[in-house]
Every structure is written in C-alpha cells, then in structure tokens.
Chemist: 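Submitted below is the structure of interest, expressed as structure tokens.
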Amino acid sequence: MIQFNWQNAASFVQQTELDHLQAQISLAHETLHKMKGPGSDFLGWLELPRKYDKDEFARIRKAAARIRRQSDVLVVIGIGGSYLGARAAIEFLTGHFHALSSKKQRKAPLVIFAGQNLSADYLNDLLTFLEDKKVSLNVISKSGTTTEPAVAFRVLKGWLEKKVGREAARERIYVTTDRARGALKGLADSEGYETFVVPDDVGGRYSVLTAVGLLPIAAAGIDIRAMMKGARLGMQALRRPTLADNPSYTYAALRNILLRKGYAIELMVNYEPSMHYLTEWWKQLFGESEGKDNRGLFPAGVDNTTDLHSMGQYVQEGRRILFETVVQIDRSRSELIVPEDPDNLDGLNFLSGTDLHEINRKAAQGTMLAHVDGGVPNLSVLMPDRTPESFGELVVFFEKACAVSGYLNAVNPFDQPGVEAYKQNMFALLGKPGYEDRQAELEARLAVNGTVEK
Ligand code: PA5
C-alpha cells in the first residue's frame, strides 16, 4: 500500500498544529461523505471503485480488444479531465519507449492524443503521421461542446471518413460523453457510434476511473481490473476521518498548514520519467479544484533528477515560498547494475555493483535533506511499485486529499467557473454570433495595446 511520511516537514510543522486541524478535517470528511457540501452533486467518484457499471466495464474491455485488433493507432481526443488521466496512466504503466516500438512489440496500438490544444501544426503533423496507419478514434467530452476536442474531432472524423469511407469509419469511432445530453451525444446517436458514459455525478478531473480513462487505458493493453482493485483497496484504507488513520487526510492537512504559513507553491517531485503526466494530472486535479476565490496552493511539478540541473537551484536557494511533495516508487520493474571499469577514469567504481534504482533513491534522499536544510518542507508519498493497482490507489489517495483540502480551504472543489473567462473572449474574438458587443470591446482594447491585427 501507499505510504505517506512527513518527517522531512517536521521542522516546519508541529504535531500540535496537525492535532488542531483534526476537528476541521472531521468536518470536511463528514461534509464529503454525507454529501452536504458545495459540489455534492459530483461525488460519484467516491463510490466508483466499488459501484461502477459492470456491464459498461465489460463493454469497455471488449471495445478495447477490438481497437487493439483493428488499429495501429488509437487517437484519443479530449482535453483537461477528459485527457490527462488516461495519458498519466498510459505513460506511467507502459514502457518508456513504447511509442517508438512496433505494434508487435507493444501488443497494442499506439495511443496518441489530440484535441488538447489548438495548434494547426500539431494536427497537421498528426494527419501526416496517420496517413499509412490503421486508425481508430475515441473522442471524449462530458459536455460535448468543448472547442479544442470538437475541432480536432471534426477534422479527424472527416479525414477518417475520406480514408476508409463513412461505414468503415463508424466501426472505428468510439464516443465517451454524457448519457443523454450534448452535441456529441446527438452526433453519436445519429451516426450510430459505440458510446460510453461519463456519469452525471463525476466531474472531468475525477473521471479517470470511468470510461473516460478506462477505454484508452485498456486499449493500451493495461489491466483495468487490477487498476480498479487498487482503487477499491485505496478507498477502503482511506475511509476513516482520523488523521492518524488516514494518510490522505494527513497530506491534505499538512499542505493546508503549510499554505497558511506562506508556502504558496506545492511542487510535485518525481524521480521517474514515466511519472511526468501523473504530475500533469495531479496539477489539474488540485489547480482546478482549489484555485478559486483568490485562494489555493499553486501546484507545480519537476522531473528529477533531470530538473535538479535546471530548477534545482531555485528550489535550493530561491524565494522560500514552496514546499515539495515527493512521489517515489519503492521497487523498480527491473534491475540495472553499474558495471566495474578497470581504468576507473570517471572515478565511479565506488558505484560498481550497485543497482541504478538504489542510486536514484540516494539521490532523492540527499536532495530531500538538502532542500529541507535550504528551507523547503518535504512531504513524501511512496508507491510500492509501478503497477495498475498502485496507480489506482494513488488516484484515490489524491482525489480524497483534494476534496478534503478544498473543503478545508472553504472552496467548492468540484466546479471550475474561472475556465469560462478565456472561452468567452476567444468566442467573441472569433466572431461567434451573440458575442458582437464583447467582440467590439475586446478588439478596441487590443487595438489600444497595438498587439493584434484582425
Ligand atoms: O475537470 C474538468 O471538469 C475539466 O477539466 C474538463 O474535463 C475539461 O474542461 C473538458 O471538458 P469536457 O469533457 O466537457 O470536454
């Protein structure tokens, strides 16, 4: 099971401070579990690992097997919560060079993501890459109206229909969206695409354990039953309100104590390249859940030891406004022993016979102590291994911490009102009907700034 440890924050936070937060944590726990707080319509994720739709789960596994048979490439089209969970899982759980291997080596199609940006070059490069491949599409959007994936789907659907014909394209397009509403649901029904459901009571960033994450993850050849099992065991282990019994709540409490002391940035630190997108998923989960009403920690991330040679200087000696949450893996999947070199010109023979994973661990320990000495509190999350079970457990560890953290900080952790502002401006500037006044106002501002031509 996942272990949480805060001994490297103990010189910044007293046990009594944690004890004082117990009452607030208990209240947040009750608010969450009795569904009494803001956003309580979006608590389906709490029950997901146990109460998921078993028929749909079986359909996901079947569709994934079909995608594996029929495609060289699965293009997953989505953004935010309809994108990051699947990408985090696939990058964490497949091999580092999975994408560069052949389909035979991978035993699964290559999973590529689209609709997570508006870059013309990205989409054109993707179309060129797809030209000689057998392609399936999984478009994912809860609302069914998000601009980025909608544009990408329009382009990719048209491209696929032109390439294989409308009938054959229908067999290769999978839609994950609302059960009954939205433009994408309407299109899927009229075209006869196979559809999967984003449950009403699960918000995007909490949806990795629904069809949103599970279909692409299963298509990549990952065992989603094991992932759900890990999540189930994780939820079970995190069911109590007492800090002493609930590491996820202890993490939530500590990060809030640190925030109140002026540590405004939480840096998630990993020592495995496969965890880069796990950090991106975590950034969205916490950033979108907590960053509102002029509050919230700013979630950032580094990939070590790589970033010790870029951001490490700032962490060690820059402004003292950050703390770190270090997520490590106890056992690597494989061993790599440093060889002996008779000449020892690099002076590294003291490492001969040592497993590289152990060297990585010592680098992490040394870094943590150096950063603590430099005034950076360190929290530590230890995963036992790089398996689907551990991934599932980690997901619920952070989801519960995030919900309770939001309630501790008096915000609704399940909405994202601020995301609308850029969309309104973008629509106005693109001349969407109904936005004429706003368009004129924004264009006048841009003309004053002298930055933009129409
Ligand atoms: O967490 C969220 O709700 C958001 O990040 C959404 O997932 C994201 O905006 C995509 O929305 P949709 O699935 O409706 O296209």
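Numbering of ligands and ligand atoms starts at 1, following listing order.
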Chemist: Quick one: list whatever passes side chain to side chain contact (heavy atoms under 4.5 Å, CB included) with Ser274, sequence neighbours left out.
Modeler: Phe92, His96, Glu272, Arg386
Chemist: With hydrogens left out, which residues have an atom under 4.0 Å from ligand 1, given that only heavy atoms count?
Modeler: Ile79, Gly80, Gly81, Ser82, Ser141, Lys142, Ser143, Thr146, Gly204, Arg205, Gln284, Glu288, Gln416
Chemist: Under 4.0 Å between a Lys/Arg side-chain N and an Asp/Glu carboxylate O for Glu30 and Lys36?
Modeler: yes
Chemist: With respect to Tyr206, which candidate in Phe414, Phe42, Phe286 satisfies the ring pair (Phe, Tyr, Trp, His ring centres under 6.0 Å) definition?
Modeler: Phe414
Chemist: For residues 391-398, dump all side-chain donor-acceptor pairs below 3.5 Å to protein atoms at least two apart in sequence or in another chain.
Modeler:
| from | atom 1 | to | atom 2 | distance (Å) |
| --- | --- | --- | --- | --- |
| Glu393 | OE1 | Ile2 | N | 3.4 |
| Glu393 | OE2 | Ile2 | N | 2.8 |

Chemist: Not counting sequence neighbours, which residues clear side chain to side chain contact (heavy atoms under 4.5 Å, CB included) with Lys62? List them please.
Modeler: none
Chemist: Do you know which of Glu288, Glu280, Glu290 makes salt bridge (Lys or Arg N to Asp or Glu O under 4.0 Å) with Arg205?
Modeler: Glu288
